[in-house]
Chemist: 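One structure is given below, represented as structure tokens, and several questions about it will come after.
Throughout, protein chains are lettered first and strands after them, A, B, ... in sequence-line order, and every chain is numbered starting at 1.
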Amino acid sequence: MPTNAEAAEILRAIADLLDLEGERFKPEAYRRAARSIETLTEDLKAVAERKELDTIPGIGDAIAEKIQEYLKTGRIAYYDRIRSEVPPGVLELMRLAGVGPKTARRFWVELHITSPKELREAIDAHRLEGVSGIGPRKIELLRSALGPTAARVGTRIPLTEAYAVAQRLLAAIRATGRVERIEAAGSLRRRRETVGDLDLLASSPDAKGVFDVVSGLPGVHEVLLRGETKETVRLDSGLQVDVRVVASNEFGAAFVYFTGSKDHNVHLRTIARDRGLKINEYGIFQGEERVGGATEDEVYAALKLAWIPPELRENRGEIEAAAAGTLPELVTERDVRGELHWHVPPNATREDIEATLAEARRRRMEYVGAVVAGTSVEGGSVKIERGALERLGELHGKRPSGMPIVWLVGEVAGTGTGPEGMELDYLVRRPTKGPAPASRKAFLPTLVIAHLDPTAPPAGTDKERRAWIDWAASHDAALEMGPGPSRLDSIGGGEVRARNGTLAIPTGLGSSPDDPTFPVALGLARRAQANAAQILNARSRAEIEQLLAPRATQERRG
DNA sequence: GCCGTTTTCGGCCCGACTGTTTTCAGTCG
């Protein structure tokens, strides 16, 4: 089944081809459409079935028709046609660092170079020397772009990974005291599921000093470029980091600009122009006069807009909503009142448990659901290993008084009662493949959190994830936002929200302080436009108990 | 190709940086 990512990829390929043909505005139109599809929190096919493709920003009649064709046949005739007009290697040339459509086209048309391999041969044969516009430095850059250590262009890493790297860099830079302020911007701040590079924005009167610090950080492999206000470095991992330094009174304008998205920015600047203003990364300008830009609020206010949460800045209607005062209320960190999925370490001591619960209390949590492995489902009935029962009982005994632990839970647990005096009040399933068989209805418990296998590779999970969204919806289960390294669940979150379903947000309780789980999961839920009412663990302890009570009675009767 | 309280045609964000240039083109974000 075609995925959103695959459709976007084809549109991007069309854009590249049109670029090579020298088209002026079409390539950007196709790229805009591709970006729009990539950030969709819903399956393209579902939108197409509702005949609402043209409501997606950047998609009009022509592209909607091509997407329909693609969803139906898996091909786009227009793409096949224009692709046949360009040697495939020319597109690869364009993906080399420093080579854009103009240069690639010149290689192809003027120099008959149609692949990276041929470019390498041309360089070795000194065929590029003396070509106008290509000097010795450019040839050197091309040589390294072709080399084995060349940066992987266009590869993106999972948000959790990027988040952790960014936190490490930010902490190291802040510790030097050379910046007044430094924050991560870009797609990381928008909590996109994947991140292509890190954008760090700093305010400091001494940009050079900041760049010196950044260049010398551990893990920085090389400096790719450095100017007056901007430095780009590459980490040992290959990840690129852009650092921009502005004055403190420019921070707001720069923060908006470097947070993006590109389409959001373009839209903002267009509105500004229509109002006789100009917005750039240095501020808001009326003619020559600078009229603001110290804070993000000032920038949006200048355009008569409410401040827009970064997770929504994708030009998907958020600007219109901000103008109309109809921005959705998003769940916030403060809304989350409990953790429902704390995995108890197998050999946890009383002290370990107390430490975690103390952390929960510090974080103002009202409850903690503890998970113990060791349960399974066999032939339609729940089987709990004796060991798991014992651990649950033991844990129950270790529960410190006055601590906000309220339930003990088995992973893939059933509805039966647990050890004496304790009930398994809800179930946390860890499916590995496909939806649960219908027979499991027989033992459906009171409260369900469904979550995807954290170790499953991202490839091919779309279908699996959809099956689970369906299952969760039909069984009144909450779907946990998955922040695991390869779990990218914002599409799931979007669909659950669209169906008025419930999400659960893991809080990373018991992990290290810079664990990315909570900020990432919260961000994905916010990108899916979930509000507090749609978050299971944003409910109070009383509400959760109420949710459980009548059903538990029913189960016992049944 | 998209889009619209300056609408159905005529526009299309804005700036940093680099290399190859005597003032700019190309790339990138």
Chemist: Given atom CG of Asp61(A) and atom P of dC2(B), what is their separation to the nearest angstrom?
Modeler: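 That distance rounds to 7 Å.
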Chemist: Taking the same atom, P, in dT5(B) and in dC12(B), what whole-Å distance lies between them?
Modeler: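 To the nearest whole Å, 16 Å.
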Chemist: Whether Arg83(A) engages the ring of Tyr79(A) as a cation-pi pair (distance to the six-membered ring centre under 6.0 angstrom, angle to the ring normal within 45°) should be assessed.
Modeler: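 Ring-cation test returns yes.
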Chemist: Tell me which one of Glu333(A), Glu311(A), Glu329(A) satisfies salt bridge (Lys or Arg N to Asp or Glu O under 4.0 Å) with Arg526(A).
Modeler: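 Testing Arg526(A) for a salt bridge (Lys or Arg N to Asp or Glu O under 4.0 Å) against Glu333(A), Glu311(A), Glu329(A) leaves exactly one candidate, Glu311(A).
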Chemist: Can you tell me the distance, in whole Å, between the CD1 atom of Ile56(A) and the C1' atom of dC3(B)?
Modeler: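 It is 16 Å, rounded to the nearest whole Å.
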Chemist: Just by distance, do the side chain of Asn4(A) and the backbone of Ala7(A) share a donor-acceptor pair under 3.5 Å?
Modeler: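 Checking the backbone N and O of Ala7(A) against the side chain of Asn4(A), no donor-acceptor pair under 3.5 Å is found.
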Chemist: Starting from the 5' end of DNA chain B, give me the residue, Lys138(A) or Arg275(A), whose nearest nucleotide shows up first.
Modeler: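 Between the two, 5'-proximity favours Arg275(A).
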Chemist: Looking at dT8(B), which nucleotide sits across from it as a Watson-Crick or G-U wobble partner, both distances under 3.5 angstrom, or is there none?
Modeler: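 Its partner is none (no Watson-Crick or G-U wobble pair with both distances under 3.5 Å).
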Chemist: Given Asp263(A), which of Arg31(A), Arg269(A), Arg32(A), Arg35(A) fulfils the salt bridge (Lys or Arg N to Asp or Glu O under 4.0 Å) condition?
Modeler: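 Exactly one option meets the salt bridge (Lys or Arg N to Asp or Glu O under 4.0 Å) with Asp263(A), and it is Arg35(A).
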Chemist: Between Thr176(A) (side chain only) and Ile173(A) (backbone N and O only), is there a donor and an acceptor less than 3.5 Å apart?
Modeler: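 Confirmed, Thr176(A) side chain pairs with Ile173(A) backbone.
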Chemist: Does any pair with a residue in residues 201-218 of chain A pass salt bridge (Lys or Arg N to Asp or Glu O under 4.0 Å), and if so which ones, sequence neighbours excluded?
Modeler: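 Checked against salt bridge (Lys or Arg N to Asp or Glu O under 4.0 Å) - neighbours excluded - the pairs reaching residues 201-218 of chain A are Arg178(A)-Asp206(A), Lys208(A)-Asp212(A), Asp212(A)-Arg226(A).
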Chemist: Against the six-membered ring of Tyr257(A), is Arg244(A) placed for a cation-pi contact (under 6.0 Å from the centre, within 45° of the normal)?
Modeler: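 No; the conditions do not both hold, so Arg244(A) does not lie above the ring face of Tyr257(A).
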Chemist: Using a 4.0 Å heavy-atom cut-off, does Pro101(A) contact any base of the nucleic acid, only the sugar-phosphate backbone, or nothing at all?
Modeler: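 Sugar-phosphate, backbone atoms only, no base.
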Chemist: How close or far is atom C1' of dG1(B) from atom CZ of Arg35(A), stated in whole angstroms?
Modeler: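 For the pair Arg35(A) CZ and dG1(B) C1', the rounded distance is 13 Å.
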Chemist: What is the separation between atom CG on Leu53(A) and atom C1' on dC2(B), rounded to the nearest whole Å?
Modeler: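 The distance from CG of Leu53(A) to C1' of dC2(B) comes to 15 Å, rounded to the nearest Å.
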Chemist: Whether the Glu180(A) and Ser203(A) side chains hold a donor-acceptor pair (N or O, under 3.5 Å, no angle test) is what I'd like checked.
Modeler: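 Yes, a side-chain donor-acceptor pair sits under 3.5 Å.
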Chemist: So, using side chain to side chain donor-acceptor pair (under 3.5 Å) as the criterion, who are the partners of Lys117(A) when residues are at least two apart?
Modeler: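 Listed in chain order: Glu121(A).
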Chemist: What distance do Leu11(A) atom CG and Ile37(A) atom CD1 have between them, rounded to the nearest 0.5 Å?
Modeler: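 Interatomic distance, Leu11(A) CG to Ile37(A) CD1, rounded to 0.5 Å: 5.0 Å.
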Chemist: Taking only heavy atoms on the protein side, list every residue of residues 314-326 of chain A lying under 4.0 Å from any atom of DNA chain B, sorted numerically.
Modeler: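 Result for residues 314-326 of chain A: none.
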Chemist: Under 4.0 Å, heavy atom to any atom of DNA chain B: which of residues 102-118 of chain A qualify?
Modeler: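 Nucleic-acid contacts, sorted: Lys102(A), Thr103(A).
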Chemist: Name the nucleic acid region contacted by Leu18(A), choosing base, sugar-phosphate or nothing; use a 4.0 angstrom heavy-atom cut-off, strictly under.
Modeler: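 Nothing, no nucleic acid heavy atom in range.
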Chemist: I'd like the C1' distance from dT8(B) over to dC3(B), given in whole Å.
Modeler: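 Straight-line distance between the two C1' atoms is 10 Å.
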Chemist: Let me know the distance between CG of Asp199(A) and C1' of dC28(B), rounded to the nearest Å.
Modeler: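 Taking CG of Asp199(A) and C1' of dC28(B), I get 12 Å after rounding.
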Chemist: So if I define the base as every atom that isn't primed, P, OP1 or OP2, how would nucleotides 8-18 of chain B read as a B/S/- string at a heavy-atom cutoff under 4.0 Å?
Modeler: ----BBBSSSS
Chemist: Using the P atom as the point on both nucleotides, what is the distance between dT21(B) and dT27(B), in whole Å?
Modeler: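 Straight-line distance between the two P atoms is 15 Å.
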Chemist: Using the C1' atoms only, state how far dC14(B) lies from dC9(B), rounded to an integer number of Å.
Modeler: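 Looking at atom C1' only, dC9(B) and dC14(B) are 25 Å apart.
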Chemist: With nearest nucleotides of DNA chain B determined for Asp54(A) and Ile134(A) from heavy-atom distances, which residue corresponds to the more 5′ nucleotide?
Modeler: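 Checking each residue's closest nucleotide, the 5'-ward one belongs to Asp54(A).
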Chemist: Taking atom C1' in both dT6(B) and dG11(B), what distance in whole Å separates the two?
Modeler: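 Looking at atom C1' only, dT6(B) and dG11(B) are 12 Å apart.
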Chemist: Please report the interatomic distance CZ(Arg527(A)) to CG(Leu312(A)), rounded to the nearest 0.5 Å.
Modeler: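 Atom-to-atom, Arg527(A):CZ and Leu312(A):CG are 8.5 Å apart.
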Chemist: Between atom CG in Asp19(A) and atom P in dC28(B), what is the gap in whole Å?
Modeler: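 For the pair Asp19(A) CG and dC28(B) P, the rounded distance is 10 Å.
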Chemist: Within the 3.5 Å criterion, strictly below it, is a donor on His264(A) or Glu318(A) matched to an acceptor on the partner's side chain?
Modeler: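 Yes, Glu318(A) and His264(A) have a side-chain donor paired with an acceptor closer than 3.5 Å.
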Chemist: Separation of Glu28(A) atom CD from dC28(B) atom C1', in whole Å?
Modeler: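 So the two atoms are 12 Å apart, to the nearest Å.
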Chemist: I need the CG-P distance between Leu142(A) and dG19(B), as an integer number of Å.
Modeler: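 The answer, rounded to whole Å, is 11 Å.
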Chemist: With a 3.5 Å cut-off and sequence neighbours excluded, list the donor-acceptor pairs that the side chains of residues 53-63 of chain A form with protein atoms.
Modeler:
from, atom 1, to, atom 2, distance (Å)
Thr55(A), OG1, Glu52(A), O, 2.5

Chemist: Using a heavy-atom cut-off of 4.0 Å across all strands, would you classify Ile59(A) as base, sugar-phosphate, or nothing?
Modeler: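 Sugar-phosphate, no base atom in range.
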Chemist: Please report the distance separating the C1' of dC17(B) from the corresponding atom of dG10(B), rounded so that it comes out in whole Å.
Modeler: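 Here dC17(B) and dG10(B) have their C1' atoms 32 Å from each other.
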Chemist: Say we look at dC28(B) and dT20(B): how far apart would their P atoms be, to the nearest angstrom?
Modeler: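 Approximately 15 Å lies between the P atom of dC28(B) and that of dT20(B).
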